[in-house]
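The chain is numbered in sequence order, starting from 1. First listed ligand is number 1; within each ligand, the first listed atom is number 1. All values reported here derive from a predicted model rather than from experimental measurement.
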Amino acid sequence: MADVFDVIVLGIGGFGSGAAYHLARRGLRVLGLDRFGPAHDQGSSHGETRIIRKAYFEHSDYVPLLLRAYDLWADLEAESQQQLFWKCGLMLAGLPNSEAISGARLSANQHGLTIENLSASAATQRWPGFRVPDTFDVVFEPDAGFLKVEDCVRAHLDQAAARGATLLFDEPAVSWSSTGHEVRVRTATREFVAASLVITAGPWAAELMSDLKLPLQVLRKPVFWSETTSPACNLDAGMPTFYFEMPSSKSFYGFPSLDGQLLKVAQHSGGELVADPLLVDRQLHDADVQPVSDFLQACLPRVRSQPAKHSVCMYTVTPDRHFVVDRHPEFPNVVFGCGFSGHGFKFTSVLGKALAELAADGRSDLPIDFFNLRRLMAVG
Ligand SMILES: Cc1cc2nc3c(=O)[nH]c(=O)nc-3n(C[C@H](O)[C@H](O)[C@H](O)COP(=O)(O)OP(=O)(O)OC[C@H]3O[C@@H](n4cnc5c(N)ncnc54)[C@H](O)[C@@H]3O)c2cc1C
């Protein structure tokens with residue numbers, strides 16, 4: 001006899017935890033399933049911190065969602081009685097015509113967001129932890145900052161469970177099927193039935209929806225923590241999160257030191273293709289370290305260029321680097337979110353809500369139309 005629910009959320013990492021929370025808030029019978037444990041380090045939602053910002057350089061259409069995302073993070077902080085968001089600002093640095101600088105200015109102008117424009121020397125003077133190249137412009141966004149990633153996932157899961165959601169971990173789904181009115185999800189030993197299904201499987205999305213032949217690529221992304229002894233690099237000293245778009249078109253981002261000892265930094269651009277996310281190479285190689293080490297020497301000279309520790313994460317990218325949040329073209333009771341292309345976490349609050357609405361109501365009033373699947377299938 002199968003267990004019966006209103007909605008099953010397959011994959012309760014970043015987005016699935018958000019969806020499970022919003023579904024449970026509506027009083028629905030929710031089952032969340034994950035192949036690993038709560039807030040695990042095997043997918044795409046681990047490594048201590050994620051940048052959150054409003055002046056979105058990737059596209060200004062994200063801004064209305066971001067404004068809503070901020071509100072929902074504040075609600076979750078209040079409900080879970082913990083700080084999830086640190087508003088320490090973001091310093092963007094790049095050539096005046098770089099995507100980061102020009103895109104952030106465009107979004108800020110279009111949506112009336114607060115940003116400050118600084119010269120390279122003014123930025124280096126204000127935040128002595130940085131050495132910004134002379135030819136760069138700097139945009140500072142004071143409302144930006146970072147989220148504690150595992151705490152956010154746990155808060156969504158805990159609040160979902162507190163509202164009655166059933167959350168099963170270490171329980172990989174092996175298959176699912178839909179009649180259009182009912183879904184069945186099978187694990188190695190059990191079968192679950194529900195009216196609808198949310199698939200938020202991160203790097204495993206293409207595998208779980210192989211019928212759709214989603215044009216997704218999974219990329220291996222090492223992240224580093226390097227030692228600093230300079231107080232100028234500390235959160236407490238006012239150092240912001242940072243993103244540098246280099247003339248080589250390589251981009252790097254990072255966070256102020258939270259503990260006064262280690263500063264987190266990584267390369268956003270590039271990444272090796274991952275054939276099987278379960279077998280991603282988690283060892284560190286010289287080729288991983290070199291670009292970040294060169295960047296640190298050039299732009300953060302008070303941070304040791306060799307990492308003290310590392311972690312490996314995965315991006316799941318679409319051809320246009322924009323997200324996919326949509327209903328399955330064949331089964332209206334199956335909805336999914338994937339292809340968050342290395343910039344999705346800040347949206348897990350608001351797109352968790354959108355996914356919950358799509359699953360429960362068949363539609364969402366949130367502005368998610370530009371995440372439709374059609375655009376990618378048209379490209380081929
Ligand atoms: C290094 C790095 C830095 C990043 N920096 C930022 C940033 O600064 N700001 C930002 O906004 N975003 C950032 N991102 C992107 C963001 O973290 C991701 O877009 C987001 O976390 C993806 O969440 P997800 O739910 O799609 O994937 P995941 O969190 O990996 O969740 C997918 C879940 O599905 C489960 N699952 C898969 N298959 C099955 C199955 N068969 N059965 C059961 N469960 C299954 C997995 O175990 C997993 O828990 C970064 C990503 C990385 C890797």
Side-chain angles (χ1 to χ4, degrees), residues 8-20 31-53 56 58 62 65-66 69 73 90 144-150 152-153 156-157 167-176 185-188 192 198-210 216 218-224 241-243 251-255 264-268 271 274 277-278 280 310-318 321 323-325 336-352 355:
I8 297 172
V9 183
L10 201 175
I12 41 175
F15 286 89
S17 61
L31 170 67
L33 275 181
D34 206 284
R35 71 185 321 146
F36 297 114
H40 62 84
D41 63 0
Q42 302 293 300
S44 299
S45 302
H46 60 278
E48 197 174 35
T49 44
R50 291 291 185 268
I51 293 174
I52 178 167
R53 55 201 157 92
Y56 223 59
E58 289 86 345
Y62 286 86
L65 282 171
L66 285 160
W73 286 121
L90 167 69
F146 63 86
L147 296 161
K148 285 276 189 84
V149 56
E150 290 91 349
C152 290
V153 174
H156 271 143
L157 293 175
L167 305 177
L168 297 182
F169 296 99
D170 302 308
E171 184 89 33
V174 293
S175 67
W176 63 270
V185 175
R186 287 163 214 92
T187 68
F192 303 97
V198 178
I199 302 180
T200 38
W204 291 270
E207 181 185 313
L208 272 164
M209 292 179 283
S210 55
L216 301 176
V218 179
L219 301 178
R220 174 179 172 274
K221 301 300 296 183
V223 177
F224 307 93
T241 59
F242 55 90
Y243 182 96
S251 49
F252 300 87
Y253 65 91
F255 302 79
K264 179 181 162 187
V265 60
Q267 183 176 352
H268 178 57
V274 175
L278 284 179
V280 63
H310 82 281
S311 163
V312 169
C313 193
M314 287 175 275
Y315 287 179
T316 305
V317 301
T318 61
R321 301 268 168 159
F323 311 157
V324 186
V325 178
F336 61 98
C338 63
F340 293 103
S341 301
H343 60 109
F345 192 82
K346 61 186 85 61
F347 296 91
T348 56
S349 58
V350 66
L351 292 181
L355 285 160

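Nearest non-hydrogen protein atom to atom 31 (O) of ligand 1 is G13 CA, 3.5 Å. Nearest non-hydrogen protein atom to atom 42 (N) of ligand 1 is A173 N, 2.8 Å. With hydrogens left out, the protein atom closest to atom 1 (C) of ligand 1 is V223 CG2, 3.3 Å, a heavy atom. Closest to atom 34 (O) of ligand 1, if we only count protein heavy atoms, is G11 CA, 3.2 Å. Among protein heavy atoms, atom 53 (C) of ligand 1 sits closest to C313 SG, 2.4 Å. Nearest protein neighbour of atom 26 (O) of ligand 1, counting heavy atoms only, is G202 CA, 3.4 Å. For atom 30 (O) of ligand 1, the closest heavy atom belonging to the protein is S44 N, 2.9 Å.
Remark: side-chain polar atoms of S349 are paired, donor with acceptor, to backbone N or O of A69 under 3.5 angstrom. Panel note: side chain K264, backbone G47; a donor-acceptor pair is recorded below 3.5 Å. With T200 contributing its side chain and G11 its backbone, the two residues share a donor-acceptor pair below 3.5 Å. Side-chain atoms of E171 never come within 3.5 Å of backbone atoms of R35 as a donor-acceptor pair (strictly under, hydrogens ignored). The main-chain N or O of T318 is found under 3.5 Å from a side-chain atom of S341 such that the two form a donor-acceptor pair. The backbone N or O of S45 lies less than 3.5 Å from no partner atom in the side chain of H40, so there is not a single donor-acceptor pair. At least one donor-acceptor pair closer than 3.5 Å links the side chain of W176 to the backbone N or O of L208. Judged by distance alone, with hydrogens and angles left aside, the side-chain atoms of S17 form no donor-acceptor pair with the main-chain N or O of I12 at under 3.5 Å.
Of the candidates I51, L10, L90, T49, the one placing a heavy atom closest to atom 8 (O) of ligand 1 is I51. Among R50, R35, H46, the residue whose heavy atom sits closest to atom 4 (C) of ligand 1 is R50.
Of the heavy atoms in W204, only side-chain atoms (C-beta onward) come closer than 4.0 Å to ligand 1. When non-hydrogen atoms are compared, ligand 1 lies under 4.0 Å from the backbone of M314 (N, CA, C, O) but not from its side chain. Of the heavy atoms in L208, only side-chain atoms (C-beta onward) come closer than 4.0 Å to ligand 1. Residue-level proximity to ligand 1 for D34 is carried by backbone and side chain together, each with a heavy atom below 4.0 angstrom. When non-hydrogen atoms are compared, ligand 1 lies under 4.0 Å from neither the backbone nor the side chain of F347.
Residue contact annotation: P203 has a non-hydrogen atom under 4.0 Å from ligand 1. Ligand 1 does not have Q42 within reach: every non-hydrogen atom of the residue lies 4.0 Å or more from it. Not close to ligand 1: G47, with no non-hydrogen atom less than 4.0 angstrom away. The shell of residues lying under 4.0 angstrom from ligand 1, judged by heavy atoms, excludes F146. Contact between G342 and ligand 1 is present, with at least one heavy atom of the residue lying under 4.0 Å from the ligand.
Proximity to S45 (heavy-atom distance under 4.0 Å) selects the following atoms of ligand 1: 20 (C), 21 (O), 23 (O), 28 (P), 29 (O). Of all the atoms in ligand 1, the ones that sit under 4.0 Å from a non-hydrogen atom of P172 are 42 (N), 43 (C). Interface atoms of ligand 1 facing G43, defined by a heavy-atom separation under 4.0 Å, are 30 (O). Which parts of ligand 1 touch K346 is read off a 4.0 Å heavy-atom cut-off, strictly below it: atoms 9 (N), 10 (C), 11 (O).
Between S251 and Y243, the side chains place a donor N or O and an acceptor N or O closer than 3.5 Å (distance only, hydrogens not considered). No side-chain donor from either of K346 and Y62 sits under 3.5 Å from a side-chain acceptor of the other.
Residue-to-ligand polar distances keep F255 apart from ligand 1: every N/O pair is separated by 3.5 Å or more.
When every heavy atom of T49 is checked against every heavy atom of V149, the shortest pair comes out as N-CG1, 3.6 Å.
R321 is linked by a salt bridge (Lys or Arg N to Asp or Glu O under 4.0 Å) to nothing, counting only residues two or more places apart in sequence or in another chain.
Separation of atoms CZ (F242) and CZ (F252) is listed at 10.5 Å; rounding is to 0.5 Å.
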